[in-house]
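Every chain is numbered from 1 and lettered A, B, ... according to where its sequence line falls, protein lines coming before strand lines. Basis for what follows: all heavy atoms, side chains included, without hydrogens, waters or symmetry-related copies. Here the structure is a predicted model, which is why all the values come from computation and not from measurement.
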Amino acid sequence: MNAIISLCHFCELHGPKVLFCTQPFHPEEKTVSAGDSETEGADGSIPSRRHVASSAEPMTPQTPTHNSLPNYKNDLCEGCTSVHLGFVSHDEEAAVSYMSSQRPQHRDVFAMVRQACIRSLSCEVCPGREGPIFFGDEQQGHAISYTFYIKDYQARGFQRLYSVIVVMMDKIYLLNSWPFLVSHIETVVEHLKSKASVVFENEKVKMPLRQYRLTSTSVNPKNFIQQRGGNVNKPARSLNELTDDKHVFKVLHTSFVWILKACGNRLSETLLEGPPTEDSIIDMEKQEETEEGFVKLFSKKLGIDDDLELGLDVLSNPGTNPGDNGTIDEVVEDDGSPEIIDIRHIYKLLGSRRFHVLAHHVVIGNQIILRGKGRTLIRTFQNALTWLLPKGCYRAVPYSDEYVESYRCNFLGLNPAVSIPSYVNTSEPFLLVDIYEPEDVHLESPDPFKGYIFKLSTFFDLDKVVAPSVLQKMEHAIVNDSLSIEVVDQCLICLKEEWMNKVKVMFKFTKAGGGRSEEDAKNLLKIVGATDDDKPLLSYWMRGLSDQYKKHILSASRQHVL
Amino acid sequence: MAFIQKLLNTRKFGRQNSKRSSYSEAKADWKKPQFEEKSIRLVLFQESEGKGRRIIFDSKCVTEDDKTSRWGRPGTKLNAVAEGQIQKNISNPKMHNYVPSKTGSDGKRLEEILYGAEGVAYKGTSLKVHVVKSPAELILTKVFIPEKPKRYSVTDEDFSSAPDLSMPRPISQESRNGIAQSIPVDVPSPRYTGNWMIKSSDLIDEESGLGSLNSSGSFQAPCPSPSSSSSGCNSLNRDRRLNRGQYFSLESCLSGRRRSQQDLLAELVSPNRSRKCKMALGIIFSTIDEHNEEANRLFENFFFSHIALFESHLEQLRNNVEKAYYSGNKHVYLSKLIESFGSFKRGICDLYTAPRLSEPVWLNMMAFSNYRYVLCDNFLKELVTLVTKFDNKNTNFFMSTLVTTVLTHHLAWIPTVVPAGGSPSATYLEKHSAKWVNTLAKSHPYNPLWAQLGDLYGAIGFPLKLSRTVIVGKKADIVRKILYVLSYFIRCSDILETTETGCLETYLQKLNFSCESPNDSDKMLGLGTPTPVNESNKSFGLPSPKSYGVPSPTPVNVDEKFKYDETSSTERSDTISFQSMGLDSLLGSNNTNSSGMDYNSNNSVSEIKLKDSGICEACQRNRLSQKDIENKVGNSVFYVNSDTCHCALDMMGQACLTDSLMDSDKKEHIQRKKDNLKLTLKIPGNESQSQITELNRNKTHSQELKECKLSMASIVENTRTEKVEHSKKCVDINIRDVNNSKMSLTGYDIKIPNNASKVLTHDEMKAVFLKKGSNSMFNEYFEDESAEAKTIDEIDEKDRVVDLPRKCNLRRDSSKAPSLPDLTAPTQGKGDSHRDRVGSLDQTYKFRRSSLSRQVSEANKNFPGRCRPVTPTELYKRRHISSTSSLDFDFCDPRSFCQELPLPMLSPEISCSSQKEFDKNFGRSLLGDYSDHYMSDFVLHGTSDKNYKDKIIADLRMALQYSVLDEPIAEAVCIVADTDTMTVSEYSSQNLDKNSDPIPCGASQLITKCFESVVSMAKLKMSPEFCVMHLEDRLQEIYFKSKMMAECLKNRKLKELYNMFGFHRSDVPLLVAIAEHTRQISPILCVDVPAS
């Protein structure tokens, strides 16, 4: 809690004095502090404390009411002092140190505390003398002050006035904490008072000073001090003595720390954040897989889609499955071939017609085989194509010397020497992109792709198939040169999220919704704003849903649809 | 659970019923707390210069009599003018009459409470709260200086219609950061300033540190750049909380909150201020029911948690009082006063007793996630019903419009849909509760109530906008349903209160420090007679008897005055400190008459010295006990003049040395040079001959100083663990023999060849430093058996090796911080306690390791033996400075001096529970239900009252003038949805001047479509939970769209949005609001949006 708790004392000789302060520090943020001297900046490590220190001494309050007293030299007595160096407690977990000392380190803080101390002990009136008051202003901070008396057999009136003040700049926080602070300060005060009254009673028995006092003649300025303390050098007794507890300041330190800490922890908040996007969940799931050394374990448990086989397959021979972790960041050594920068780059290389064919194949999940020499080219090509797909739909083998089946990867980089097995030709919908490098590679040209030829071939002509509507929008953004690539990026994210949401509904409907009629299915398409043309995309993108999501939906529906 | 099962299995009709009971009977649920307007009393005092204080109004003395109020004035005398006016008033039947009254018995008491016994030497607005036990009262006071005519004319109509007020400039984070320098820029009007900033300060108090107010210290809270990252939204949410804490930090940022002296002066001499009078406005809440503890407690809790709102009402009252005060007409004054007091009372009553929504959907979903299914079910049903019924052309798409407008202004929903960054997997359960909240709360406790209030008002964007929503309609059930549904879209965090923090009382009882060394506390207490240390420092040089607080075990005589030590305290450069320290420690620590130092001062500085000397004694005792010291003469003289004894450093150096000796390389290096170096030091100003010592390095010596070392073990330990380079800087001073036979008592036996300084050139020193650290360099001295001590005066100045760093003394000091001992510890304690301390200190250092090592290494870089000669006079001066300004530890982390105590443990089983009571949770208190009149503070409420316009406008103005969030508000908005006419419109503070007509709102296509599909899904009987999830997904989509739009706006390609992506114009305000909130686009950019 960003507050400073102090114990103050009204000294008969010296007026209101700050005795003991406890304050939290954030060590790592020291550097942030605004220094006000030349030391700041150059070293940047420690805020100037020169001012603090140099002013520390004369800052001891000299209240006008005591001007008659001898000079400042005597302006300290035991009653006005607590600890010389102080105590510190570290909350390592929260990286906060709580420090107690006679006065705060920071000059401004001291000024505030001192001001509050004076107000607490000699200006503000607490109804009933003992108890809490709040006062404050923007300039000097705000304070809750709890005034109380400690019994002192040698003091005038047999009691001495103390107060515990909590100073904060944040008025609202301080007042919000009033019920807590006041009740706990009360506890501490009672603790002190009870100790002191034990001492008081003992002293009363030991030396019936009271009697002496009552019978003695008038009090005059000369014997005033003697009468009170009996000792000129010791005009006021220390709190230690009054409570007969040499550890009293340690007790105060820990109590104040306790209060500061507990008050800060008293109220807490629950804040909800949106769920991570499917993409980031997929990322995490992939990370888990690779970290734990086995793959797709929970998809096996889940058993809800065709990942099951894949999972088994991978489990049986994890070592021989180069591409399944789907991360194309897997290091493929750079071979100097040119790089594709982004999706728009592909569009420019291929032209709109061929790009559309490629993108169409991509978004409905047909395998894209990139066959060529340049490994970097193929890797970046694949990378750029991911813009079109949710992460979960993306499985790549960056470069391989043999054909890899489509259920294991939808992006495959192939050595040009490899030919597609014939059984694939007929059974698998794939798009083959052959990349021919120019003959004269060494020719330096501003366009590194000069001379490159991309040849698309497939057995599955999508010409007559209407492309999913989202693809149109994607292309729209990609084609439009006036949009920066960042806009395109955001736009694609946006579209993908939008459609993933539709996919979620479809998933829920088909997999977890129980028996549904055809009509319902049609309705649903309408509801999500999709047409039949979008069906291939929707069903393919279901693969992109994270396992967590699927699990959640399934379990939720099982739970409630019973 | 059975209940839920039943719910699930019952038919729709049945569910409907049970659901209905859950919220529609809210009124029945809402138990109106006991409270009466009567229990609020207003007293107004005036304090004039020369005339003292007098009460000028007391609501207790006003009696409403046959629609005629009587106002009373207690016994104090009114001035003649006022008296005359009052006489007139009485003659006027329309005016409030007063009873010349019987009351005022407690006037004096109240006066004291309100003003305080003694005037505070400060001239600004002050807020106070008092609790009176008998009679039980809660007093809220505002003491202020009324500001006059100019302001009055400004605030003549309504409260204020200063043009600049109603069109506040957007308040950017940047300007707020620099609030100290640029207040007038931040805040649109002086009035505004008055509310925000400090009204005044204690100008006459020279100790208040006003001098620093001129400094340009600025608040440097971490401020995220507008387009930092994709998760910017959540980080903003976090920063909002963090910044708040930082802004009020006591650790460093104070000056940012204070105003410059000029400003203060300017304000004080401002002609608008009445310098004559200071008013105190006291609101007294008397006990509601003396026998009902619970009711009182409830009110008290409510009062303190809602203090911001109370104060806002109070501020409004104050404005009116001020205005009335300067109206110049007493009867106007009185009736205005009574009138505004009446509205104050009503406001407070509404705030406390108005019916609340018993089932705020969003909060309940958070708080009772177990019942989520039921909650979703209920919510969805209502939503579907309402959308089906009211979201069509006939109703102007009322629901979509309303929700669009609400989402546009109550922005707290955004963080709840922004995808969480890297939350761990396996959390796909419902929504994700943010983890950072707890982390932040631990390290930087912030005020969750404040954060929640901001959420509710939607005031989380930039610039801050405060929004409220009122549903108007005659049909209560419809209004209630709408309120219920909206409570899903108006979101806020939930407040949890720790129910069990452990009991401080039992903690205190268990607390036991008795195991610690008794010396401790003795030391902490004042030792002996107090003597200010600076006094003695000033008289430095004059012999004075020295008294020790700690009995010194070995009587030692010191007849030396030695002035070198100040080098160590002030300069502490690597080079110089070795020498000075060498001497310090070398010469032992005690003297009886050498310096004027009084070690018994209670001052902490001197305390350190005292401790130091204690250490020295230990050292010395050790030394004396050494057989090597057998040669010591009876009058062995130990030098102890230093401000700080450097045993500590000595010991540390030694430890380092020991370490370094392991390094044969270093040793070689030492050997190579050792013959070349000698050091001569003169002890100036000594009465007798200075002690002659030999600085000698001896491996075995470290053992001799074992005990001494023990006391410093912590440092040694620390040095090692930290592996901080500072060990290299440690001065390695070793005193092998204090009174070595080689030293004659009278001579200066440390002979240094005249070419000494040439031997070790600066470059060489530098090289050594860089290569070896200083140890090795100094090792030479100590290993050189033939080294003799000479006073510095004997050497030509050019030959002196006693060099001080040319600059950066400060840094040297800071770098030395870790080496300072735990001085609170008893120096001669037993091994056990030492070890304890070592442990704790070790921890301390570990804790700060990074920062320290950084400092130290930095310091190292800067101190490659750049030196210059120092004259004794200089040293005098330095010493003087150092002792008075306690430079010794200025630049050290103060915590390193403190004795570490274990952190008090709160109860390990802290359980939090959501606050369901309205007294501690704004989410429960500010979402109002259907009421028969318009109410001010509520974030959401319904009413049948159509006469709200003026009140809304007044509220909007007030919201700007006095922000309940304690932060400048740039715009206040009130959304009004009329269910009778099916229209939604918004009142904005920005439109108040042009015309006060509300702006009609439109529906965003995005929301309309979203509702469409949710309703269709519900009709397909998809699970309500899933439908609600889908709704959330759609909201998230909207967020992504706004991000896209923000990108487009950066490129000024808004048209593309319309054309390509089918954005509808109606979507833009919503999207812009989101983008603004997440600071993806600056407000200025947004201004263009509607135009394009």
S.K.: Tell me which of these, A:V257, A:T187, A:L260, has more heavy-atom pairs under 4.5 Å with chain B than the rest.
M.R.: A:T187
S.K.: State whether the side chain of B:Q1036 and the backbone N or O of B:V417 hold a donor-acceptor pair below 3.5 Å, judged by distance alone.
M.R.: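 Flag set: sc B:Q1036 to bb B:V417 pair under 3.5 Å.
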S.K.: Would you name the heavy atoms of A:K261 and A:D91 that are closest together and state the gap between them?
M.R.: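 Where A:K261 meets A:D91 most closely, the heavy atoms are CE-OD2, 3.2 Å.
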S.K.: Quick one: closest heavy-atom pair of A:E269 and B:A451, and the distance?
M.R.: OE2-CB, 3.5 Å
S.K.: Before giving the answer on side-chain hydrogen bond (donor to acceptor under 3.5 Å, both in side chains), spell out for A:N176 and B:N447 the whole-Å C-alpha distance, their side-chain angles and the decisive distance to 0.1 Å.
M.R.: CA-CA 8 Å; A:N176 285 169; B:N447 187 358; 2.9 Å; yes
S.K.: Is A:L524 close to chain B through its backbone or its side chain, or both, or neither, when contacts mean heavy atoms under 4.5 Å?
M.R.: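 Interface part for A:L524: both.
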S.K.: Below 4.5 Å from any heavy atom of chain A, which atoms of B:E1012 appear? Answer side chain, backbone, both or neither.
M.R.: neither
S.K.: For A:V167, which atoms come within 4.5 Å of any heavy atom of chain B: side chain, backbone, both, or neither?
M.R.: backbone
S.K.: Of the backbone (N, CA, C, O) and the side chain (C-beta and beyond), which part of A:S177 lies under 4.5 Å from a heavy atom of chain B, both, or neither?
M.R.: neither
S.K.: Could you pull out the closest heavy-atom pair between B:R1034 and B:S1013, with the gap in Å?
M.R.: NH1-OG, 2.9 Å
S.K.: Flag the one option from A:G128, A:S255, A:G529 with the top tally of heavy-atom pairs under 4.5 Å to chain B.
M.R.: A:S255
S.K.: Between B:D966 and A:K171, is there a side-chain N and carboxylate O pair less than 4.0 Å apart?
M.R.: no
S.K.: Side chain, backbone, both or neither: which part of A:I527 has an atom under 4.5 Å from a heavy atom of chain B?
M.R.: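 Both backbone and side chain.
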